[in-house]
Amino acid sequence: MNVLILSAGTRNKIVAYFKRALTAPSGERTGRVLATDMSLLAPALYEADAHYLVPSIQEAHYFEKVQEICEKEKIQVVLSLIDPELSLLAAHKQWFEERNMVLLGSSLEVCERALDKMQMHDWLVARGYRTAESYSCLEDFERARREGRIDYPVFVKPSRGSASLAVNKVYEEETLHLLWRKTPGLMIQEFLQGQEIGADVYIDQISGEVVSIFTKKKLLMRAGETDKSVSFKDPALFALLERFVKDCGFMGQIDVDVFEVAGEYYISEVNPRFGGGYPHAYECGVDHMKLILNNAQGIANQRRIGDYEEGVYMMKYNEVLIQRGEGV
Ligand SMILES: Nc1ncnc2c1ncn2[C@@H]1O[C@H](COP(=O)(O)OP(=O)(O)O)[C@@H](O)[C@H]1O
Ligand SMILES: [Mg+2]
């Protein structure tokens, strides 16, 4: 069983975990892990059994290159680690299915909804889930403020942003207006003051059931990623997440951001892929690579929600990779 990880970037652990999942107890490998990136300076490429340099996903011939690699390397499982590529792959789901390959992830419609935080907000509100009050129109925000439904400080971010880029806590009108003029595509949110939580969820691609959930409290964020976190469990949160992800139609691996404010859980955003904090779940024994490989072999996974220890801490640290060669 060969796995192709697209846009692998700096996600060496994800590559390494798949290699481990493709190793028999005897030490013999049962499949290869291939990685791609648009830069040869993406360290995760060198963690893989083989790698390919590919064009940017914006290029018209990008998907052709993916098809070529899948066929040449006899790939059975394909996944991407970056948000903008999820919709592109989902749009070609049929191509993968016709070739008996498993494309990890949700449908195009669901990927698009998750990519646009304002669209996700509207969906959450319509379905009765708690989420931060949000506005994509300045006049609507100002009216809501006059009516006492929201007040400063507010959180301003691009509705189609990622990696915490261009996010701002804003305390007054002047700064808000300045930001609004400078940057298109922003949204204004109620500032949530509470405990940030990350959830790694696996929705079985055969049964459609939620089979695994790992939750952690985020203790420190750095450069848009969870830097330190601690595992915890709450049956009420598991139940909320299970209901939400099924309701929204997610499939495969997803990463959900939640806030706990005054004892209530607010769903903030979803990345329908492996999140940067997934190693915490894996190192606590929550092995989603195995679940993916089972699905790829036609095996539906058993439900194992919350099967891990609480109070296990994750601390990230830096590593370096050295590679010799011209242009690497
Ligand atoms: N409404 C909010 N109130 C307070 N903090 C927020 C709010 N929305 C986002 N944040 C903070 O900003 C970070 C990035 O925002 P997020 O919506 O997760 O976008 P992305 O991860 O796609 O950049 C979050 O992890 C959280 O720390
Ligand atoms: Mg986020």
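Remember, it's 1-based here, ligands and their atoms both numbered in the order they're listed. Numbers for residues simply follow the sequence, beginning at 1.
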**Asked** Between Y265 and F238, does the ring centroid distance fall short of 6.0 Å?
**Response** no
**Request:** Write down, by chain and number, every protein residue that brings a non-hydrogen atom to less than 4.0 Å from an atom of ligand 1.
**Result:** K117, F155, K157, G161, S162, A163, S164, Q189, E190, F191, L192, E196, M221, D257, F259, E269
**Prompt:** If you look at every heavy atom in M38 and L53, which pair is closest and at what distance?
**Reply:** O-CD1, 3.4 Å
**Asked** Are the side chains of Y152 and L176 in touch, meaning some heavy atoms are under 4.5 Å apart?
**Response** yes
**Asked** So do the side chains of K72 and E68 get within less than 4.5 Å of each other, counting heavy atoms only?
**Response** no
**Prompt:** What protein N, O or S atoms come within a distance below 2.8 Å of the Mg ion (ligand 2), ordered by chain and number?
**Reply:** D257 OD2, E269 OE2
**Asked** Any side-chain heavy atom of L241 within less than 4.5 Å of one from V258?
**Response** yes
**Asked** Would Y278 and Q253 count as having a side-chain donor-acceptor pair, cut-off 3.5 Å?
**Response** no
**Complete:** Contacts satisfying salt bridge (charged side-chain N to carboxylate O under 4.0 Å, His left out) that involve residues 278-288 (not counting sequence neighbours) are D287-K290
**Request:** Linking directly or through intermediates, with side-chain heavy atoms under 4.5 Å: list the remaining ILVMFWY members grouped with F191, chain and number order.
**Result:** F155, V167
**Modelled atom types, side-chain donor and acceptor of Y202 and N301, under 3.5 Å** = no
